[in-house]
K.L.:
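Below is a structure I'd like to ask you about.
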Amino acid sequence: MQPGNPLEEIRREVFAFLEEGGFARESLRVLATAELKRDEAGLLAFAEEVGLPLRFYPKEVLNAQRIPNPSEAVFRHTGLWGVAEAAVLAEGARLLVEKTKRGNLTLALGVLSLGIPEEALP
């Protein structure tokens, strides 16, 4: 397993990110990131702890997303124009909170469609 970020940091930063944005922890439905993070112990432990699916997207899928904040630095290091925003969009979610740097993490948040036509909503 690759070291990555420790579970404690992931837990602290994700929950603070949600709280500061006014989102309940229970509003999380899925975690998504790049395939290159598949072996990160802290990330795997966090997904297990919160009981959420953790989806990994390959470079081709993430780079196909039209993200608002591409990063040359991230591209030089990983071959990806971005991870957090691209993973949200790859999930089919609408980007709600653009990428935010918190400690050693970069987080973004999206809203998944309810699958209900707009006209059926109150």
Side-chain angles (χ1 to χ4, degrees):
M1 295 239 171
Q2 293 179 13
N5 296 305
L7 169 62
E8 297 75 23
E9 180 182 17
I10 295 171
R11 181 191 305 121
R12 179 183 67 245
E13 298 301 346
V14 168
F15 291 154
F17 171 75
L18 291 171
E19 185 177 320
E20 289 170 12
F23 301 100
R25 292 179 183 188
E26 297 78 17
S27 64
L28 283 180
R29 291 290 173 245
V30 65
L31 305 171
T33 191
E35 180 69 38
L36 58 87
K37 295 181 172 284
R38 182 174 285 285
D39 295 327
E40 291 190 8
L43 185 57
L44 297 170
F46 180 71
E48 185 174 333
E49 180 177 283
V50 295
L52 292 175
L54 175 55
R55 298 201 181 106
F56 298 96
Y57 286 98
K59 186 182 301 187
E60 301 76 28
V61 171
L62 295 179
N63 282 342
Q65 306 306 313
R66 296 190 59 188
I67 59 174
N69 302 292
S71 170
E72 288 278 344
V74 172
F75 186 78
R76 281 192 305 273
H77 183 68
T78 66
L80 293 163
W81 288 105
V83 176
E85 293 170 335
V88 166
L89 297 172
E91 273 298 311
R94 180 173 53 85
L95 191 60
L96 194 60
V97 179
E98 293 183 4
K99 71 178 181 180
T100 303
K101 187 80 171 147
R102 295 200 53 100
N104 294 312
L105 281 70
T106 303
L107 304 168
L109 186 69
V111 62
L112 292 166
S113 168
L114 294 174
I116 301 170
E118 285 289 322
E119 58 273 6
L121 296 173

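Model, not experiment: these values are computed from the prediction.
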K.L.:
Enter the distance from Lys99:NZ to Leu105:CG here, rounded to the nearest 0.5 Å.
P.N.:
13.5 Å
K.L.:
Just do the salt bridge (Lys or Arg N to Asp or Glu O under 4.0 Å) check on Arg11 and Glu8 with the steps written out, would you?
P.N.:
CA-CA 5 Å; Arg11 181 191 305 121; Glu8 297 75 23; 5.2 Å; no
K.L.:
Which pair of non-hydrogen atoms, one from Leu54 and one from Ala32, has the smallest distance, and what is that distance?
P.N.:
CD1-N, 4.4 Å
K.L.:
Please report the interatomic distance CG(Leu89) to OH(Tyr57), rounded to the nearest 0.5 Å.
P.N.:
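If we round to the nearest 0.5 Å, Leu89:CG and Tyr57:OH are 10.5 Å apart.
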K.L.:
Could you tell me whether a side-chain N or O of Asn63 sits under 3.5 Å from a main-chain N or O of Gly79, the two making a donor and an acceptor?
P.N.:
yes
K.L.:
Ala84 and Thr106: which non-hydrogen atoms are nearest, and at how many Å?
P.N.:
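For Ala84 versus Thr106, the nearest heavy atoms are CB-O, 3.6 Å.
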K.L.:
Establish, yes or no, whether the cationic atom of Arg25 lies under 6.0 Å from the six-membered ring centre of Phe15 and within 45° of the ring axis.
P.N.:
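Yes.
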K.L.:
Considering residues at least two apart in sequence or located in another chain, which fulfil the ring-ring contact (aromatic ring centres under 6.0 Å, His included) criterion with Phe23?
P.N.:
none
K.L.:
Between atom CG of Leu44 and atom CG of Asp39, what is the distance when rounded to the nearest 0.5 Å?
P.N.:
7.5 Å
K.L.:
According to a hydrophobic-cluster definition based on side-chain heavy atoms being under 4.5 Å apart (Ile, Leu, Val, Met, Phe, Trp, Tyr only), do Phe46 and Leu109 belong together?
P.N.:
yes
K.L.:
Going hydrophobic residue to hydrophobic residue with side-chain gaps under 4.5 angstrom, can you get from Val74 over to Trp81?
P.N.:
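No, separate clusters.
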K.L.:
Locate the shortest heavy-atom distance separating Ala90 from Leu62; write the atom from each residue and the value.
P.N.:
CB-CD2, 4.3 Å
K.L.:
Are Phe17 and Leu28 linked, directly or through other ILVMFWY residues, by side chains that come within less than 4.5 angstrom of each other?
P.N.:
yes
K.L.:
Might you work through the salt bridge (Lys or Arg N to Asp or Glu O under 4.0 Å) test for Arg102 and Glu20, ending with a clear yes or no?
P.N.:
CA-CA 12 Å; Arg102 295 200 53 100; Glu20 289 170 12; 2.8 Å; yes
K.L.:
Nearest 0.5 Å please: distance from the CD atom of Glu98 over to the CD1 atom of Ile67.
P.N.:
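If we round to the nearest 0.5 Å, Glu98:CD and Ile67:CD1 are 10.0 Å apart.
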K.L.:
Would you call Val14 and Leu31 a side-chain contact if the rule is heavy atoms closer than 4.5 Å?
P.N.:
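No. Closest side-chain heavy atoms not under 4.5 Å.
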K.L.:
Tell me the closest heavy-atom pair linking Ala108 and Leu95, and the distance in Å.
P.N.:
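The answer is CB-CD1, 4.1 Å.
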K.L.:
Roughly how far, to the nearest 0.5 Å, is the CZ atom of Arg66 from the CD atom of Glu85?
P.N.:
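If I round to the nearest 0.5 Å, the distance is 13.0 Å.
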K.L.:
Please say whether more than 12 non-hydrogen atoms of neighbouring residues, nucleotides or ligands are located less than 6.0 Å from CD in Glu19.
P.N.:
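It does not: Glu19 CD has 12 such atoms or fewer within range.
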K.L.:
Check whether Glu91 reaches the backbone of Ala87 with its side chain - one donor and one acceptor, N or O, closer than 3.5 Å.
P.N.:
no
K.L.:
Where do Glu35 and Phe56 come nearest, in terms of heavy atoms and distance?
P.N.:
OE1-CB, 3.7 Å
K.L.:
From Asn104 CG over to Ile10 CD1, what is the distance, rounded to the nearest 0.5 angstrom?
P.N.:
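Going from the CG atom of Asn104 to the CD1 atom of Ile10 covers 10.0 Å.
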K.L.:
Determine, using the 4.5 Å side-chain heavy-atom cutoff (strictly less than), whether Val50 and Val30 are members of one ILVMFWY cluster.
P.N.:
no
K.L.:
Considering the options Leu112, Val111, Val88, which one meets the side chain to side chain contact (heavy atoms under 4.5 Å, CB included) requirement together with Arg94?
P.N.:
Val111
